[in-house]
Amino acid sequence: MSEAARSPATPVEMLLRAASATSPRERCEACGFAWLDKPVPCDAGAVRLVPADAAVRLRVVPLAVEGGRLRVAMADPFDLAAVDETGAMARLPLTRVGVAPEAFGELMRQAYGVTAARMAESLASDGDLASSANEHNLDAIEADDVHRMAEQPTLVNLVNLLILEAIQKRTSDIHIEPFEGELKVKYRVDGVLIAQPSPPKHLQPAIIGRIKIMSQMNIAERYVPQDGHISLRYEGRKVDIRVSTVPTIYGESVVMRILDKSALPLDLRSLGMAEKHVGMMDRLIAKPHGLVLVTGPTGSGKTTTLYAALHKLYDPRKKILTIEDPVEYELAGINQIPVNPKRGLTFAGGLRSILRQDPDVILVGEIRDSETVDIAIRSALTGHLILSTLHTNDALSSVGRLVDMGAESFLVASVLEGLLAQRLGRRICRACAHKVPMPEDQRVRIAPAEVERFAGTVTVGRGCEACGGSGFRGRLGFFELARINPALRAAIAENQSVLELKQLVDADFQSMREDGMAKAQRGETTISEVLRATQDVDEG
């Protein structure tokens with residue numbers, strides 16, 4: 001029985017009927033919705049009633065207009081907000097059809113086979129937009145003209161699709177870079193920038209203007225850096241995008257950092273940490289007080305590791321506070337404070353205030369000056385567990401860095417409990433992983449003892465649809481974790497050098513390179529990735 005022919009049911013009645021069913025198909029049929037196991041042809045006229053970006057966001061695919069109603073396939077026919085928005089957009093009442101997940105993806109590709117690249121190509125000859133922008137004199141365009149161009153429906157759809165495609169491809173950052181004769185778009189996937197088809201140069205002001213409107217920036221200001229923020233919902237989940245613009249000689253360069261909480265691994269094992277290191281880290285964060293530091297360069301995953309540690313630490317009986325610049329992900333049950341230097345809220349000032357909040361655990365986003373070091377150390381001395389990050393090449397170099405920032409070596413020795421250093425490498429795609437003989441160029445780059453561990457073969461990814469042909473899918477960490485044992489504590493108090501400290505680490509200490517090579521041997525990553533990620537670390 002079709003939805004139109006069935007006796008009317010209130011939303012509450014529909015939900016009650018659905019609740020009594022045991023499968024998505026049964027829930028749909030209980031409420032009178034049809035069900036599709038396989039894709040069916042989509043009428044082009046119906047598809048035009050719902051733009052591609054809206055269809056992806058609302059997870060609907062128009063099928064046909066029948067008897068004055070729009071028949072739509074929905075991933076979730078009980079999403080009333082999507083029903084209302086789709087009906088308002090199409091200006092027709094809806095007949096809902098449930099659809100199996102595998103069929104829904106095929107329907108979406110069949111109805112909206114257009115990608116952002118193809119849409120950009122179609123816009124290349126758009127007379128209205130082209131006439132508004134002189135590609136040789138972009139600075140001459142007035143802010144009002146940019147605003148008008150940025151509000152064109154086709155341009156809005158192009159920018160929306162650029163963002164949606166990036167999310168679908170597991171992109172961490174979108175880079176839009178202006179040059180003299182072209183506008184380049186790149187997606188950073190698994191830590192590597194991948195060039196995308198370039199939009200026409202004459203769309204540069206409109207594309208950048210649209211992004212600035214979405215992120216609530218000043219569209220008229222093009223000669224100073226700006227920061228903004230975009231929030232959107234994708235497939236039922238919240239995605240935050242941090243936007244940064246800087247002026248260059250050929251226009252504004254834009255970087256959009258995609259913060260997708262659903263993709264955040266909040267478990268140390270899922271980050272690639274070995275069981276040995278997980279156990280050591282668990283013991284460190286279980287301590288009632290002290291200082292635990294995670295070190296590495298920008299983009300090495302330090303904050304993600306600390307979030308995973310906090311997630312494990314969370315207990316309603318504990319007061320956990322963080323101060324970050326900025327707050328990248330919201331953690332349930334944890335009070336997070338964003339740094340705001342313009343209003344006088346710095347790491348040091350915020351940390352001083354946090355201590356009056358009676359915390360048990362404090363996360364300081366980064367120790368970057370002598371004042372923050374001093375307060376963090378004194379907080380650890382007075383019964384607080386402090387977790388923070390530092391920019392050093394390896395774990396034990398953190399000791400010298402703290403002393404360089406003004407900390408007394410005997411105080412560092414008193415509070416320091418553990419030092420974790422890390423890098424990120426790409427993970428081999430499991431769908432296309434296979435073994436091959438070790439290439440000669442890799443054989444000569446590693447030590448003979450390391451060559452022996454591989455027994456002549458290594459694991460690589462062939463490249464497949466799942467990984468976009470790269471052979472890699474996802475990332476994993478290479479870690480080194482130094483526990484502060486009594487001998488190390490005494491040596492730190494005596495201000496001994498890093499080389500001397502390295503002689504005193506526990507017998508089971510493993511460097512980042514050793515950890516990475518063990519993972520390459522297990523087929524989790526490649527030798528090249530280990531060397532690329534750890535080559536700046538002195539193994540001596």
key: Donor-acceptor pair, side chain of Gln336 and main chain of Tyr329, under 3.5 angstrom   = yes
ask   = Below 4.5 Å, heavy atoms only, C-beta onward: do Pro93 and Arg69 meet side chain to side chain?
value = yes
task = Enumerate the residue pairs fulfilling salt bridge (Lys or Arg N to Asp or Glu O under 4.0 Å) with a member in residues 310-320, sequence neighbours excluded, ordered by first and then second residue.
result = Asp282-Lys312, Asp315-Arg317
inquiry  = If the condition is side-chain hydrogen bond (donor to acceptor under 3.5 Å, both in side chains), which residues does Arg522 pass it with, not counting sequence neighbours?
reply    = Glu524
message = Within the 4.5 Å heavy-atom criterion, are Ile163 and Ile211 side-chain neighbours or not?
response = no
ask   = Does the side-chain contact (heavy atoms from CB on, under 4.5 Å) test come out yes or no for Leu345 and Arg343, once each step is laid out?
value = CA-CA 6 Å; Leu345 180 56; Arg343 299 197 172 186; 5.6 Å; no
Thr171 side chain to Ala166 backbone, donor-acceptor under 3.5 Å = yes
ask   = If every non-hydrogen atom of Gly523 is compared with every non-hydrogen atom of Ile428, which pair is closest and at what distance?
value = O-CD1, 3.7 Å
remark   = Contacts of Gln422 meeting side-chain hydrogen bond (donor to acceptor under 3.5 Å, both in side chains) (sequence neighbours excluded), chain-then-number -> Thr305
request  = Using the test side-chain contact (heavy atoms from CB on, under 4.5 Å), find all partners of Leu49 that sit at least two apart in sequence or belong to another chain.
outcome  = Val65, Leu70, Ala90, Leu92
inquiry  = How close do Ser470 and Phe472 get, counting heavy atoms only, and between which atoms?
reply    = OG-O, 3.0 Å
Donor-acceptor pair, side chain of Lys302 and main chain of Gly296, under 3.5 angstrom = yes
inquiry  = Go through it in stages, so that I can follow the logic: the residues are Ser300 and Arg423, the test is side-chain hydrogen bond (donor to acceptor under 3.5 Å, both in side chains), and I'd like the CA-CA distance, side-chain angles, deciding distance and then a yes or no.
reply    = CA-CA 5 Å; Ser300 59; Arg423 296 290 188 278; 5.5 Å; no
ask   = For Arg59, which residues count as a side-chain contact (heavy atoms from CB on, under 4.5 Å) partner, sequence neighbours excluded?
value = Ala75, Phe104, Glu235
Any side-chain heavy-atom pair of Arg242 and Asp227 under 4.5 Å = no
request  = Measure across Pro247 and Val224 and return the closest heavy-atom pair with its distance rounded to 0.1 Å.
outcome  = CD-C, 3.9 Å
query = Quick one: does Thr248's side chain have a donor or acceptor within less than 3.5 Å of a partner on Ser253's backbone?
reply = no
remark   = Arg426 meets the salt bridge (Lys or Arg N to Asp or Glu O under 4.0 Å) criterion, sequence neighbours left out, with Glu529
inquiry  = A quick test of your reading: do over 12 heavy atoms of other residues, nucleotides or ligands sit less than 6.0 Å from NE2 of His311?
reply    = no
inquiry  = Let's go through Leu183 and Ile207 carefully: what are the C-alpha distance in whole Å and the side-chain angles of both, what is the deciding distance for side-chain contact (heavy atoms from CB on, under 4.5 Å) to 0.1 Å, and is it a yes or a no?
reply    = CA-CA 10 Å; Leu183 181 67; Ile207 290 172; 4.0 Å; yes
task = Give a yes or no on this: more than 12 heavy atoms of other residues, nucleotides or ligands lie within 6.0 Å of atom CD of Glu221.
result = yes
request  = Could you give me the CA-CA distance, side-chain angles and deciding distance for Leu259 and Ile241, then say whether side-chain contact (heavy atoms from CB on, under 4.5 Å) is met?
outcome  = CA-CA 6 Å; Leu259 305 171; Ile241 301 175; over 6 Å; no
remark   = CG (Asn335) and CD1 (Ile354) are apart, to the nearest 0.5 Å, by 9.5 Å
inquiry  = Is there a side-chain contact between Val97 and Phe33 in this structure, where contact means two heavy atoms from C-beta onward sitting under 4.5 Å apart?
reply    = no
remark   = For residues 269-278, the side-chain hydrogen bond (donor to acceptor under 3.5 Å, both in side chains) pairs (sequence neighbours left out) are Arg269-Glu275
ask   = Can you find a side-chain donor-acceptor pair between Glu324 and Tyr307 that sits under 3.5 Å?
value = yes
request  = Only counting residues at least two apart or in another chain, list the ones meeting side-chain contact (heavy atoms from CB on, under 4.5 Å) with Arg170.
outcome  = Val189, Asp190, Arg473
task = Determine whether Val292 and Leu306 make a side-chain contact, defined as any pair of heavy atoms from C-beta on separated by less than 4.5 Å.
result = no
key: Residues in side-chain hydrogen bond (donor to acceptor under 3.5 Å, both in side chains) contact with Asp358, at least two apart in sequence or another chain   = none
request  = Report the distance from atom CZ of Phe478 to atom OG1 of Thr525, rounding to the nearest 0.5 Å.
outcome  = 4.0 Å
key: side-chain contact (heavy atoms from CB on, under 4.5 Å) against Lys238, all qualifying residues, sequence neighbours excluded   = Ser231, Arg233, Asp240, Glu330
key: Nearest-0.5 Å distance that lies between atom CG in Leu420 and atom OG1 in Thr389   = 11.5 Å
ask   = For Ser172 and Arg188, does a side-chain donor sit closer than 3.5 Å to a side-chain acceptor?
value = no
request  = Evaluate the side-chain contact (heavy atoms from CB on, under 4.5 Å) criterion for residues Arg475 and Val192: first the C-alpha distance (whole Å), next the side-chain angles of each, then the deciding distance (0.1 Å), finally the verdict.
outcome  = CA-CA 11 Å; Arg475 291 198 281 179; Val192 177; over 6 Å; no
request  = Give a yes or no on whether a salt bridge exists between Lys212 and Glu252, defined as a side-chain N under 4.0 angstrom from a carboxylate O.
outcome  = yes
message = I need the full list of side-chain hydrogen bond (donor to acceptor under 3.5 Å, both in side chains) pairs touching residues 76-90, with sequence neighbours left out, sorted by first then second residue.
response = Arg57-Glu85
note = Interatomic distance, OG@Ser198 vs CD@Glu177, rounded to 0.5 Å, equals 10.0 Å
request  = Check Thr459 against Thr526 and note the closest heavy-atom contact, atom names and distance.
outcome  = O-CG2, 3.8 Å
inquiry  = Tell me the closest heavy-atom pair linking Cys432 and Gly463, and the distance in Å.
reply    = SG-N, 3.2 Å
inquiry  = I want to check something: taking the side chain as every heavy atom from C-beta on, are Tyr187 and Ile174 in contact at a cut-off of under 4.5 Å?
reply    = yes
message = Please find the pair of heavy atoms, one from Ala103 and one from Leu36, that lie closest to each other, and give the distance.
response = CB-O, 4.5 Å
ask   = Under 3.5 Å, is there a donor-acceptor pair between the side chain of Lys169 and the main chain of Leu164?
value = no
ask   = Can any side-chain N or O of Gln226 pair as donor or acceptor with the backbone N or O of Val246 at less than 3.5 Å?
value = no
query = When you measure from the side chain of Lys201 to the backbone N and O of Pro178, does any donor-acceptor pair fall under 3.5 Å?
reply = no
ask   = Between OG1 of Thr322 and CG of Leu387, what distance do you get to the nearest 0.5 Å?
value = 10.5 Å
key: Straight-line distance of Ile362 CD1 to Ile323 CD1, nearest 0.5 Å   = 10.0 Å
inquiry  = Glu106: which residues meet the side-chain hydrogen bond (donor to acceptor under 3.5 Å, both in side chains) condition with it, sequence neighbours left out?
reply    = Arg109
message = With a 4.5 Å cut-off on side-chain heavy atoms, are Asp43 and Arg71 touching?
response = no
request  = Measure the shortest side-chain to side-chain distance between Val185 and Pro199 over non-hydrogen atoms and say whether it is less than 4.5 angstrom.
outcome  = yes
